[in-house]
Number of protein chains: 2
Amino acid sequence: MFNEEIIIIFELVIIFEMSKKKIAEPDLSTEEKIKDAAQRVFMQKGYAATRTRDIAEEAGINLALLNYYFRSKEKLFELIMLEKLEKFFGSVAPVLNNAETTLDQKVILFSNNYIDLLIENPELPLFILSEIRYNPDRFAHKLPVAKIADSLFLKQLHEKRQDINPVHFLMNILAMSVFPFIMKPVFHSAGIMNDKTFTARMMERKALIPKWINAMLKAK
Amino acid sequence: MFNEEIIIIFELVIIFEMSKKKIAEPDLSTEEKIKDAAQRVFMQKGYAATRTRDIAEEAGINLALLNYYFRSKEKLFELIMLEKLEKFFGSVAPVLNNAETTLDQKVILFSNNYIDLLIENPELPLFILSEIRYNPDRFAHKLPVAKIADSLFLKQLHEKRQDINPVHFLMNILAMSVFPFIMKPVFHSAGIMNDKTFTARMMERKALIPKWINAMLKAK
DNA sequence: ATACATTTTAATCATTTGTTTAAAAACGTT
DNA sequence: AACGTTTTTAAACAAATGATTAAAATGTAT
């Protein structure tokens with residue numbers, strides 16, 4: 001019947017709208033609900049400012065369940081922090097050590113992949129870096145800094161510009177890709193840029209950064 | 001007498017050594033001692049992780065004196081935060097709006113002055129940016145973003161490269177100057193770079209950044 | 001020296017916060 | 001349906017924390 005079809009269409013529209021607005025998915029297990037909520041709250045407020053009650057409320061669960069499933073606030077944080085560290089650092093070393101790609105290709109691959117990652121996780125850099133700052137020793141050994149410091153990428157850079165420490169160039173690529181996301185809260189809270197225009201600018205940068213790095217390498 | 005002269009020299013040496021090692025200056029007023037200590041502790045641990053007892057201990061004063069002189073932890077923090085905001089943003093707009101300098105000169109002046117500032121205050125960027133992140137609305141109106149967004153510097157940039165949004169270039173100058181200080185805790189806690197070599201690299205960057213920016217502006 | 005104001009101290013308070021407990025509810029198996 | 005197991009709940013606890021208080025100490029002016 002005609003009416004039934006209309007009803008079905010309305011239902012589909014409602015489902016679609018719900019999936020767009022990311023309304024709390026009620027079919028997750030309690031453990032996953034807590035982890036998801038903890039992720040959001042920790043990322044937004046940092047470890048110290050986060051109350052276990054905030055997480056419980058965000059997850060829509062009883063406070064005691066947090067300790068039931070994860071022992072303690074600290075254990076839960078450690079779990080999430082390790083995942084976020086992997087997300088933030090994990091993809092860097094593989095790209096920089098890929099033996100199949102040239103220097104130029106590495107720059108393109110890195111800035112493209114990394115900016116895509118950060119568009120999906122804009123608060124990641126500031127979260128990671130402040131938590132490391134406020135607890136330097138705790139995660140020191142978890143960072144793949146050695147694999148980056150001895151990377152093929154830095155050797156390839158050194159061949160191209162023996163007069164300048166290649167760490168400078170690596171720093172610049174990182175800076176130009178990551179720093180805008182660290183400044184985002186400033187622009188946003190000052191009402192200068194909304195999320196949409198910010199993302200658009202970041203998309204532009206994916207193509208621009210490799211060109212800029214090339215220009216820097218050729219300079220003088 | 002000869003002995004007296006030697007004694008005077010020894011005293012001078014002691015005073016000199018003390019000023020070098022910055023041993024807690026005991027001649028400060030209680031109010032200043034608290035503010036100084038609060039500065040250090042807030043910058044190191046952030047607002048949320050800082051206990052008023054930490055500040056009292058660092059200042060070597062009785063806990064109650066903090067409330068006696070500054071009413072509350074929050075009032076004291078606000079005071080320090082405003083000073084740090086001024087330090088972090090205060091010098092930017094004047095340089096970017098100076099009608100007497102060319103575009104190239106502005107880049108040189110900015111990177112030089114700003115890196116000098118950050119060498120003296122390495123934790124400043126991460127402190128400011130995390131506190132804004134974790135409390136976006138609170139300091140939004142205090143930021144001189146408008147003076148930067150409408151700056152002469154951006155107009156001069158626009159003339160030189162009408163094809164690219166000048167905000168990209170401003171972002172790059174900021175990024176290349178500031179970002180290393182944001183990554184410093186990572187390098188440091190991973191044992192890759194000590195304070196001395198880090199500072200040396202930053203000194204190099206003061207001269208390099210203007211060259212890089214120039215190359216980027218000429219590119220393609 | 002005395003009286004008054006300012007500063008400092010030790011003790012205490014009220015609230016917040018991470019965690020635990022014991023009972024209730026829900027679940028699964030036979 | 002009855003049983004044991006797992007999950008959830010409300011209540012409570014102990015420690016931490018920001019703040020206050022009242023008395024002691026110190027400083028200052030007469």
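Not measured: the values here are computed from a predicted model. Quick note on labels: first sequence line is chain A, next is B, and so on, each numbered from 1. Only this structure's heavy atoms are used, side chains among them; waters, hydrogens and symmetry mates stay out.
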Show me, pair by pair, the donor-acceptor contacts under 3.5 angstrom made by side chains of residues 73-87 of chain A, not counting sequence neighbours?
from: A:Lys73; atom 1: NZ; to: A:Tyr47; atom 2: O; distance (Å): 3.1
from: A:Lys73; atom 1: NZ; to: A:Thr50; atom 2: O; distance (Å): 2.9
from: A:Glu78; atom 1: OE1; to: A:Arg138; atom 2: NE; distance (Å): 3.4
from: A:Glu78; atom 1: OE1; to: A:Arg138; atom 2: NH2; distance (Å): 2.7
from: A:Glu83; atom 1: OE2; to: A:Lys35; atom 2: NZ; distance (Å): 2.6
from: A:Lys84; atom 1: NZ; to: A:Gln39; atom 2: OE1; distance (Å): 2.9

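For the residue pair A:Arg205 / B:Asn165, no side-chain donor-acceptor distance below 3.5 Å is found, with atom types taken as modelled.
A close approach under 4.0 Å does occur between a side-chain nitrogen or oxygen of B:Thr30 and OP1 or OP2 of C:dT8.
Rounded to whole Å, the distance from CG on B:Leu65 to C1' on C:dA11 is 15 Å. Taking atom CD1 on B:Ile61 and atom P on C:dA10, their separation rounds to 12 Å, with Å as the unit. Spacing between atom NZ of B:Lys45 and atom P of D:dA16 amounts to 14 Å, rounded to whole angstrom units.
Across all strands, B:Tyr69 comes closer than 4.0 Å only to sugar-phosphate atoms, never to a base (heavy-atom distances).
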Base contacts versus sugar-phosphate-only contacts with protein, heavy atoms under 4.0 Å: please encode nucleotides 14-29 of chain C as B, S and - from 5' to 3'.
---BBBBB--------
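Shown here for A:Ile34 and A:Ile55, the closest heavy-atom pair between the two residues is O-CG2, 4.0 Å.
Between B:Asp150 and B:Lys155 there is no salt bridge, since none of the side-chain N atoms of the basic residue sits less than 4.0 Å from a carboxylate O of the acidic one.
Atom CZ of B:Phe153 is separated from atom CG of B:Asn97 by 11.0 Å, given to the nearest 0.5 angstrom.
For B:Glu57, the CD atom is loosely surrounded, since the number of other residues' heavy atoms within 6.0 Å does not exceed 12.
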